[in-house]
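First up is the structure itself, then whatever we jot down about it.
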Amino acid sequence: MKLSVRKSFASLWSRPDPVLAQAAVAGELLIAKIRVGLATVLLLIPVIDSVFFVYDAKEALVGFSLTIATFLFSLTVYLLMSREFNPPWLSFITSGFDVSLVSVGLALFLFLNEPHTAVNSKVVFEGYFLAIAGTGLRYDKRICITSGVLAFGEYLAIISYAASHWELNNPSYAPFPYGVFSWSNQIARLIIMATAAVLSFALVSRSQRLLQLATRDPLTGLFSRGYVDDRFAVELSRAQRYGKALSIAVIDADRFKSLNDQHGHLAGDVALKTIGGLIRDSFRQSDTAGRYGGEEFVVILPETDLDAAHQKLERLRELVANTLVTSPSRGEQIQVTISAGVASFPHDAQDATDLFSLADERMFEAKEQGRNRVVATSAVLSS
Ligand code: GH3
Ligand code: MG
Ligand code: MG
């Protein structure tokens, strides 16, 4: 019971998949651009107001100071992001800023002794929905939760403060241009706000689930080729940026055609599932293991140098060779073996294509040397 509660909490508060995290960076940049655009347009409103309309000086002051703050913040975030500054905590700050900006706007009305505008605001309140909708573009459940809780908590604090410090429905406020205060209206607002946060959370959960469905190989449960390629690109650029090692291993089952011919395709499938399971159990969560084609597998090992990757693959090779597969139809015990090639960044090559080709070439060298082995150096280099 305790374990399942902990598990569901862990799934609620889980980090986004690295490929979605990459999409989230693009989403954050888009939001930064929209924020700059919106703040620029809003900066023009007081100018238009002062030329064409009689306007409320207090409201204009609130609007103008908020817009200036937003504009400066937006521009800073945009400039930092366009210079590749995107640490994992940035989205927590920006989404918190978006929500809190609306709250600060409403709180300023309290400060200016205009509580009715704060609690029945016609325009500022809707800003919460823009902020909450934007969390969906960060593809991170944790941001949907924190923004939703922040918006709910801050707004509840504002209306509670207003209701306790002012007699809001006193007739002296008539004709109530912003309406009277009603708790039932406020509760409805809070429920709609919470629903918006739940919807953005559901959208992110669905994206994660769809990504999972689209990126898994149904036979082995490992990742599919497209996903491995995407992850390789993401991990390699991270390794290049932070000056870390990264290894890639290409693995191929030995003489698989003859295994199929001798024992049948069903036995071949069981063997592939077994190899897939052993691969999954042999690597860390941060490694990416995928089925690349028929009986070929690829593993990406971030922060792992050539020697460490070689050792890990050697252990896997031994494990596969020592694990007998039971043929489902005839019950025979079948031995399968694998051959693997390993290449590392920055030791062997700098770009993704070269690293992959090298690992692939080394896998073929392992085949030539007799199979059931791991090759981590090129024939030319080692001779
Ligand atoms: P080598 O040691 O040189 O790799 O020999 P090999 O027989 O493994 O290589 P080859 O590429 O000639 O054959 C690969 C075989 O893998 C052929 C194909 O029938 C089998 N295969 C590919 N995908 C599957 C699958 O999903 N299930 C089964 N049972 N067999 C598969
Ligand atoms: Mg093969
Ligand atoms: Mg093959």
Side-chain angles (χ1 to χ4, degrees), residues 12 24 27-28 30-43 45 58-74 77 90-112 114-164 168 178-205:
L12 278 183
E28 188 65 61
L30 176 68
I31 292 171
K33 282 182 195 165
I34 293 174
R35 215 187 277 115
V36 171
L38 192 64
T40 312
V41 172
L42 289 178
L43 270 180
I45 290 182
K58 278 184 182 176
E59 272 192 36
L61 183 70
V62 169
F64 195 66
S65 37
L66 280 183
T67 314
I68 289 275
T70 314
F71 182 76
L72 293 177
F73 176 80
S74 314
V77 172
L90 183 69
S91 290
F92 283 94
I93 302 286
T94 55
S95 58
F97 174 88
D98 290 342
V99 165
S100 301
L101 184 74
V102 179
S103 304
V104 168
L106 295 177
L108 276 176
F109 286 116
L110 296 181
F111 181 70
L112 295 170
E114 290 203 8
H116 293 85
T117 320
V119 298
N120 285 337
S121 146
K122 304 274 191 291
V123 178
V124 183
F125 176 78
E126 281 75 358
Y128 282 125
F129 295 103
L130 290 182
I132 290 171
T135 60
L137 276 173
R138 274 83 172 217
Y139 297 107
D140 189 335
K141 292 178 186 175
R142 299 168 306 170
I143 289 174
C144 298
I145 296 172
T146 40
S147 295
V149 169
L150 209 59
F152 193 94
E154 289 178 358
Y155 187 65
L156 184 62
I158 287 166
I159 53 175
S160 303
Y161 184 85
S164 61
L168 292 167
Y178 272 87
V180 292
F181 179 78
S182 144
W183 266 113
S184 59
N185 282 355
Q186 296 302 336
I187 289 168
R189 276 184 156 192
L190 285 167
I191 291 173
I192 295 170
M193 192 194 275
T195 310
V198 169
L199 285 177
S200 80
F201 180 89
L203 184 88
V204 171
S205 295

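Just so you know, these numbers come straight off a predicted model, no measurement behind them.
The CD1 atom of I143 sits 13.5 Å away from atom CD1 of I132, with the distance rounded to the nearest 0.5 Å. The OH atom of Y155 sits 10.0 Å away from atom OG of S103, with the distance rounded to the nearest 0.5 Å. Remark: L110 CG to I159 CD1 distance equals 11.0 Å, nearest 0.5 Å. If you take CG on L66 and CG on L108, they are separated by 5.5 Å, rounding to the nearest 0.5 Å. Taking OH of Y139 as the start and SG of C144 as the end, the distance is 11.0 Å to the nearest 0.5 Å. Summarising the geometry, atom OG belonging to S95 is positioned 7.5 Å from atom CD belonging to E28; distances are rounded to the nearest 0.5 Å.
Counting heavy atoms from C-beta on, the side chains of D98 and L130 never come closer than 4.5 Å. Here the side chains of L101 and F73 are not in contact, with every heavy-atom distance at 4.5 Å or above. Within the 4.5 Å cutoff, side-chain heavy atoms of L137 are placed close to those of L30.
For the side-chain contact (heavy atoms from CB on, under 4.5 Å) test, residues two or more places apart in sequence or in another chain that qualify with A32 are R35, V77, Y78. For R142, the side-chain contact (heavy atoms from CB on, under 4.5 Å) partners two or more places apart in sequence, or in a different chain, are W13, R15, P16, F92, D140.
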What's the verdict on side-chain contact (heavy atoms from CB on, under 4.5 Å) for F129 and I192, showing C-alpha distance, side-chain angles and the deciding distance?
CA-CA 9 Å; F129 295 103; I192 295 170; 3.8 Å; yes
From CA spacing to verdict: side-chain contact (heavy atoms from CB on, under 4.5 Å), L168, H116: CA-CA 7 Å; L168 292 167; H116 293 85; 4.0 Å; yes
Could you check R138 against I31 for side-chain contact (heavy atoms from CB on, under 4.5 Å), going step by step and ending with a plain yes or no?
CA-CA 9 Å; R138 274 83 172 217; I31 292 171; 3.4 Å; yes
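Within the 3.5 Å criterion, the main-chain N or O of S100 finds no donor-acceptor partner in the side chain of Y128. Using a distance-only test at 3.5 Å, with no hydrogens or angles considered, a donor-acceptor pair links the side chain of N120 to the main chain of V180. The main-chain N or O of Y161 is found under 3.5 Å from a side-chain atom of S164 such that the two form a donor-acceptor pair.
Minimum interatomic distance between W183 and S160 (heavy atoms only, all atoms of both residues): CH2-OG, 4.1 Å. Between S205 and K141 the shortest heavy-atom distance is OG-CE, 3.5 Å.
Under the side chain to side chain contact (heavy atoms under 4.5 Å, CB included) rule, E154 has a single partner from V104, L106, V149, V99, which is V99.
In this structure, R189 is positioned above the aromatic face of F125, its NZ or CZ under 6.0 Å from the six-membered ring centre and within 45° of the axis.
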Run the side-chain donor-acceptor check on residues 195-203: report pairs under 3.5 Å with partners two or more places apart or on a different chain.
residue	atom	partner	partner atom	Å
T195	OG1	I191	O	2.7
S200	OG	T135	OG1	3.1
S200	OG	A197	O	3.1

